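Below is one structure; the comments refer to it alone.
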Amino acid sequence: MTSARPWLLSAPALVIFAVMLLTPLVMTAVLSFNSFDFYGGIKPTFGFQNYADVLSDSYFYEIFLRTFLIALATTVIAALIGTPQAYFLLRMHPFWRSLMILVVLGPLLISVVVRTLGWAILLGNNGVINDALRSIGLIERPLKMMYTSGGIVLALVHVMVPFMILAVWAALQRQDPATEKAAESLGARPATVFRRIVLPQAMPGILSGSLIVFSLSASAFATPAILGGRRVKVVSTTVYDEFLNTLNWPLGAAIAVILLVSVLAIMVAWNKLVEKRFAGVFE
Amino acid sequence: MAILELRDLTKRFGETVAVDRFTLSVEKGEFVSLLGPSGCGKTTTLQMIAGFETPSGGAIHLNGRDLAKIPARSRGLGIVFQTYALFPHMTVEENVGFGLEMRKVPAAERKKRIAATLDLVHLSHLSGRYPRQMSGGQRQRVALARALVIEPELLLLDEPLSNLDAKLREEMQLELRRIQQEAGVTTLLVTHDQSEAMALSDRIAVMQGGRLVQEATPFDAYDRPTNGFVSSFLGKSNAIDAHVESVGADGTVLRCGDLRLNGPAHGEAAGPVLISLRPERIEFCGEGDGVVAGRVTERIFLGDQWLFKVDTSLGEILVMRRNSGRREPDVGETVHLAWQAEHLRILAVETAA
Ligand SMILES: Nc1ncnc2c1ncn2[C@@H]1O[C@H](COP(=O)(O)OP(=O)(O)O)[C@@H](O)[C@H]1O
Ligand SMILES: [Mg+2]
């Protein structure tokens, strides 16, 4: 009797999980095996035609490659910005620290769409940045920033850095601050202390933060949709187009499944690597 | 010659004075303990010597050099932190070698010195382990080895044994003393544990409220405390308020309520004083020989000792007797207490600062 209780207690959550997440996922997977005819619509057949179409078309390869490169660049830049920032946060006076944490997390309270539209205003050919540069005479023709991968990375980094900071900060809080003093007393300069003592202890945080940032960036939709539009397509905007413009739902579903599986594979491989590297060192 | 000299060292944190005109010198090869209750400024003193806190006043000299302008990383001190502060991502060998690496010691010599130091702390067989895979006592030894391998002029230890359980702590005390003597390193230990300070040190500096109150060998500090604080902090002690009645060449007569007590010769001519009497110096005796009579209110068996609380006209008196297998007085029994006049310590009454 008692063994049923845990299941009963978690039943509401399980039901929501099944209805809201599992069902659409399974239906998407099923859909990806159906076929599509421009005149007849979706046919409930079963086949790997959609996967074959995607995997044999260099157009899709390019989109997948671009997506992962954007996600990778975002992850690396977010780590480069977020790690020192988390360290500064840790070293701050408690009063300033709580204020700065609010500043760091504040953007999360604003919708990604609103923030990205803000970037569009800044980055456009007649945007704030180009106008300013032109008016002080640094450039003649506007720098192209909208509808570029670089612009997308820039805006994604802005969205993702708080996640990286939180992950690194959690790791840094677990370290004994006396280890830095110990290194110093043994003759290490501040830069050496950071590189040899702080950074390795922050590494589990950087790696788990990278995992979050990479997967969120690879599947981000709003930012690439607004800043990349039709010209710089990523996987998620391609799926959107297949569903809503071409109306080829099965193909869109196949692309979505491939994205899901490849992000999962990258995450699992990454996790394995991390575990192997840090076995025995940290908990 | 003194290796370390602290002169009027002072540290203020805003309004609080953590260390107040602290003066101390430590000789080469000596083992000195800073002993005092929690919050008396021991750690702050150590941190100033190490270079992690800037003194508000006074001077620190190491081997004749003024340390004021020298950053922590150039002071060349070996420090063992209360939490050990081992680098969790490095093996024992890498931890110990870190200081040598910073000093750019060539790899071959580094290896030799790491091996020798690990040998000294009996950890050679664990050189490849990570700190997480070791027990508290082993981590303690790694921390010690890491501090000693750089052959520091001075070893600083901040409550190094307080994270160990009682049995291990006793073992490590002996180990620490052995290692310190084998390495011949001048050592300054900070502790709030009086038995640790007495067991380990050549000299004890007792601190109270940021100030030095007594500096003596463990035996002298215990046997000749300079004030009531030291006598109650080092071991157990009976404190009795009294008045000096007369001072003679061979002793002092004290009045304590209706009772007249004989004490050793003392400078104080008259007025209120504090008498300190160690519980183990008091004996039970026959009715005629007793200084004071009382009733046993509590009796605690400590294995090798008995501890009695006796209600007397002098107040509650602690008596400690060695367990010699004989029958000892029971709770409720009337006993007579005696001691030799020379065992009384007459201390000045502390004026509330
Ligand atoms: N960074 C600090 N800021 C303010 N007060 C401090 C600081 N460090 C220590 N103190 C104060 O100084 C006094 C001495 O502290 P400490 O040296 O740590 O004592 P101990 O090591 O003897 O327990 C305490 O009253 C403590 O509250
Ligand atoms: Mg302390």
Side-chain angles (χ1 to χ4, degrees), chain A residues 79 83-84 86-87 90-96 167-210 270-283, chain B residues 43 46-47 49-53 70-92 94-105 128-134 139 142-152 154-160 163:
Chain A
T83 307
Y87 183 60
L90 192 80
R91 300 287 297 254
M92 268 181 185
H93 184 277
F95 172 77
W96 292 110
V168 177
W169 196 50
L172 284 178
Q173 270 196 313
R174 256 180 288 139
Q175 78 165 10
D176 179 359
T179 53
E180 289 175 54
K181 286 189 178 177
E184 204 183 331
S185 76
L186 291 168
R189 298 175 165 279
T192 314
V193 173
F194 185 77
R195 193 170 48 83
R196 296 284 310 274
I197 307 301
V198 178
L199 207 53
Q201 292 191 76
M203 209 37 112
I206 297 174
L207 297 178
S208 62
S210 300
W270 187 236
N271 221 6
K272 274 265 150 39
L273 202 79
V274 170
E275 268 173 18
K276 212 166 123 193
R277 173 73 185 76
F278 291 105
V281 180
F282 299 101
E283 265 100 358
Chain B
T43 297
L46 212 67
Q47 298 270 327
I49 300 170
F52 298 127
E53 293 281 4
I70 301 177
R73 67 167 183 279
S74 312
R75 295 191 180 190
L77 305 177
I79 306 175
V80 175
F81 293 83
Q82 191 169 355
T83 55
Y84 313 144
L86 297 179
F87 308 134
H89 54 291
M90 297 186 194
T91 61
V92 168
E94 289 164 345
N95 262 284
V96 175
F98 188 82
L100 298 176
E101 217 179 305
M102 292 300 114
R103 281 165 176 68
K104 306 211 160 48
V105 174
R129 289 253 184 114
Y130 284 100
R132 283 260 151 76
Q133 305 163 325
M134 310 181 89
R139 287 184 209 178
V142 179
L144 206 53
R146 188 179 64 179
L148 285 174
V149 76
I150 59 173
E151 292 171 2
L154 179 67
L155 180 65
L156 301 176
L157 307 163
D158 191 353
E159 313 246 2
N163 282 337

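This is a predicted model, so every value here is computed, not measured.
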(request) Take A:Met203 and B:His89, measure what side-chain contact (heavy atoms from CB on, under 4.5 Å) needs, and give me the verdict at the end. (result) CA-CA 10 Å; A:Met203 209 37 112; B:His89 54 291; over 6 Å; no
(message) When you measure from the side chain of B:Arg103 to the backbone of A:Leu186, do you find a donor-acceptor pair of N or O atoms at a distance under 3.5 Å?
(response)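 Checked: pair present.
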(request) Can you see which heavy atom on A:Ala182 is nearest to which on B:Ala85, and at what distance? (result)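 Scanning both residues completely, I find the closest heavy atoms to be CB-O, 3.9 Å.
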Which region of [X], side chain (C-beta onward) or backbone (N, CA, C, O), has a non-hydrogen atom less than 4.5 Å from a non-hydrogen atom of chain A, or is it both or neither?
{"X": "B:Leu156", "result": "neither"}
{"X": "B:Ala50", "result": "neither"}
{"X": "B:Ser74", "result": "neither"}
{"X": "B:Arg129", "result": "neither"}
{"X": "B:Glu101", "result": "side chain"}
{"X": "B:Leu77", "result": "backbone"}
{"X": "B:Arg75", "result": "neither"}

(message) Please determine whether side-chain contact (heavy atoms from CB on, under 4.5 Å) holds for the pair B:Phe98 and A:Ile197, giving the CA-CA distance in whole Å, both sets of side-chain angles, and the decisive distance to 0.1 Å.
(response) CA-CA 11 Å; B:Phe98 188 82; A:Ile197 307 301; 4.0 Å; yes
(request) Mind checking ring pair (Phe, Tyr, Trp, His ring centres under 6.0 Å) for B:Tyr84 and listing every partner two or more places apart, or none if nothing turns up? (result)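 Counting only residues at least two positions away or on another chain, B:Tyr84 forms no ring pair (Phe, Tyr, Trp, His ring centres under 6.0 Å).
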(request) Output every pair passing side chain to side chain donor-acceptor pair (under 3.5 Å) with a member in residues 177-192 of chain A, not counting sequence neighbours, ordered by first then second residue. (result)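 Side chain to side chain donor-acceptor pair (under 3.5 Å) check on residues 177-192 of chain A returns A:Tyr87-A:Glu180, A:Arg91-A:Glu180, A:Gln175-A:Glu180, A:Thr179-A:Gln201, A:Lys181-B:Gln47.
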